[in-house]
Amino acid sequence: MTSAGGHTGTTAEHRLFADVLSCELALPVSIATSDSRGRQAQAVTLLSGLAQIEDLRKDDGGEEHGDLPLLAQRMDAKLDLILALLGRLARQVDGMPEHELRWSRHGLRIDLADVPALDAGTPVLVKLQPADWLPDHLELPATVLDVVGHRVWLAFADLRPDLAEALDRHLFRLHRRQIAEQRRR
């Protein structure tokens, strides 16, 4: 494991998160050394599907036609519970533990309990579950920027333009949801 020139992550932190939208959260994630470009087309499809679901949920909130909205809300809540359960079961099978991370359009900072032996410049494949209730994950190519203690900084590498745009939209939704949760507290 190496640190880039003794900067203890500050250079990598600045490169990934300076002047861009970022979110700090805990999600299932794993990294492995690989030259793979990941499953970028599937990642675009997954993120687009998530966006459609979240847009539909947002639009459905204002309907009030008799008992239908209450019934729809109950069914939506039950589906959320079932999907959360499936997500937990899939994580147990997949072996993708949840880790604290910071995520921007440029890459990730992940706090790992067991950091694999990685050097700056090493190509990796990041597997990341973009929603805790959905038992599917993105596979994104990245490069190790720095490793300090239990923290790893990864810069996304060679992302397709449509995937970069889908990631931006997803991060915006995550950020908006975090702000809404903070206001409710």
Side-chain angles (χ1 to χ4, degrees), residues 12 15-60 76 79-80 82-112 115-116 118-147 152-178:
R15 179 174 169 191
L16 295 177
F17 307 115
D19 300 324
V20 295
L21 180 70
S22 67
C23 296
E24 292 192 41
L25 60 163
L27 288 173
V29 62
S30 67
I31 57 174
T33 56
S34 174
D35 289 323
S36 171
R37 290 193 31 108
R39 297 182 311 154
Q40 294 191 36
Q42 291 89 338
V44 171
T45 302
L46 177 60
L47 291 172
S48 296
L50 277 172
Q52 288 176 346
I53 290 169
E54 290 179 2
D55 286 347
L56 286 173
R57 283 185 173 179
K58 181 180 67 176
D59 294 341
D60 287 345
D76 189 46
L79 280 173
D80 282 347
I82 289 170
L83 289 171
L85 177 62
L86 282 173
R88 283 193 296 274
L89 290 172
R91 275 196 301 272
Q92 291 172 357
V93 171
D94 248 353
M96 268 193 1
E98 205 170 78
H99 295 286
E100 294 292 325
L101 57 89
R102 186 171 181 193
W103 187 3
S104 81
R105 69 186 324 264
H106 300 298
L108 299 163
R109 180 193 69 216
I110 308 170
D111 295 340
L112 297 169
V115 179
L118 297 169
D119 291 320
T122 303
V124 296
L125 185 66
V126 178
K127 293 182 180 181
L128 173 68
Q129 188 174 322
D132 57 1
W133 56 268
L134 184 67
D136 199 0
H137 61 269
L138 308 173
E139 289 186 8
L140 306 171
T143 302
V144 176
L145 292 180
D146 206 351
V147 179
V152 178
W153 286 264
L154 306 169
F156 295 134
D158 300 324
L159 294 183
R160 295 170 26 162
D162 57 342
L163 177 54
E165 185 179 323
L167 281 173
D168 276 339
R169 287 192 311 268
H170 184 68
L171 286 166
F172 177 76
R173 282 183 167 80
L174 287 174
H175 182 71
R176 189 174 61 198
R177 189 177 316 130
Q178 286 179 334

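Here, residue 1 is the first one in the sequence, and each next residue gets the next number. Any value given below was found using the heavy atoms of this structure, including those in side chains, with hydrogens, waters and symmetry copies removed.
F156 approaches S104 most closely through the heavy-atom pair CE1-O, 3.5 Å. What you find for A155 and L16 is that their closest heavy atoms are CA-CD2, 3.9 Å. Minimum heavy-atom separation, A26 to E100: CB-OE2, 3.4 Å. Residues L145 and A120 come closest through the heavy atom pair O-CB, 3.5 Å. Contact detail for V124 and V144: the closest heavy-atom pair is CG1-CG2, 3.8 Å. Taking each heavy atom of F17 and G107 in turn, the nearest pair found is CE2-O, 4.1 Å.
From S22, atom OG reaches atom CG of L174 across 11.0 Å, with rounding to the nearest 0.5 Å. In this structure, CG on L140 lies 10.5 Å from CG on L154, to the nearest 0.5 angstrom. The line from CG of D35 to OG1 of T122 is 10.0 Å long, rounded to the nearest 0.5 Å. In this structure, the separation between CG on L21 and NE2 on H106 is 10.5 Å, given to the nearest 0.5 Å. Atoms CG and CG, from L128 and L108 in turn, are 6.0 Å apart once rounded to the nearest 0.5 Å. With values rounded to the nearest 0.5 angstrom, Q178 atom CD is found 4.5 Å from C23 atom SG.
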Q: Give the intermediate values and the outcome of side chain to side chain contact (heavy atoms under 4.5 Å, CB included) for residues L47 and L167.
A: CA-CA 7 Å; L47 291 172; L167 281 173; 3.8 Å; yes

Q: Could you walk me through whether I31 and L118 pass the side chain to side chain contact (heavy atoms under 4.5 Å, CB included) test, one step at a time?
A: CA-CA 10 Å; I31 57 174; L118 297 169; 3.6 Å; yes

Q | Test log, rule side chain to side chain contact (heavy atoms under 4.5 Å, CB included), inputs E139 and L125 | A | CA-CA 6 Å; E139 289 186 8; L125 185 66; 3.8 Å; yes

Q | Residues L112, H99; criterion side chain to side chain contact (heavy atoms under 4.5 Å, CB included); working and verdict | A | CA-CA 6 Å; L112 297 169; H99 295 286; 3.7 Å; yes

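With sequence neighbours left out, R109 forms a salt bridge (Lys or Arg N to Asp or Glu O under 4.0 Å) with E13, E24. Remark: R169 engages E165 in a salt bridge (Lys or Arg N to Asp or Glu O under 4.0 Å) (not counting sequence neighbours).
Around CZ of R39, the count of heavy atoms belonging to other residues, nucleotides or ligands within 6.0 Å exceeds 12.
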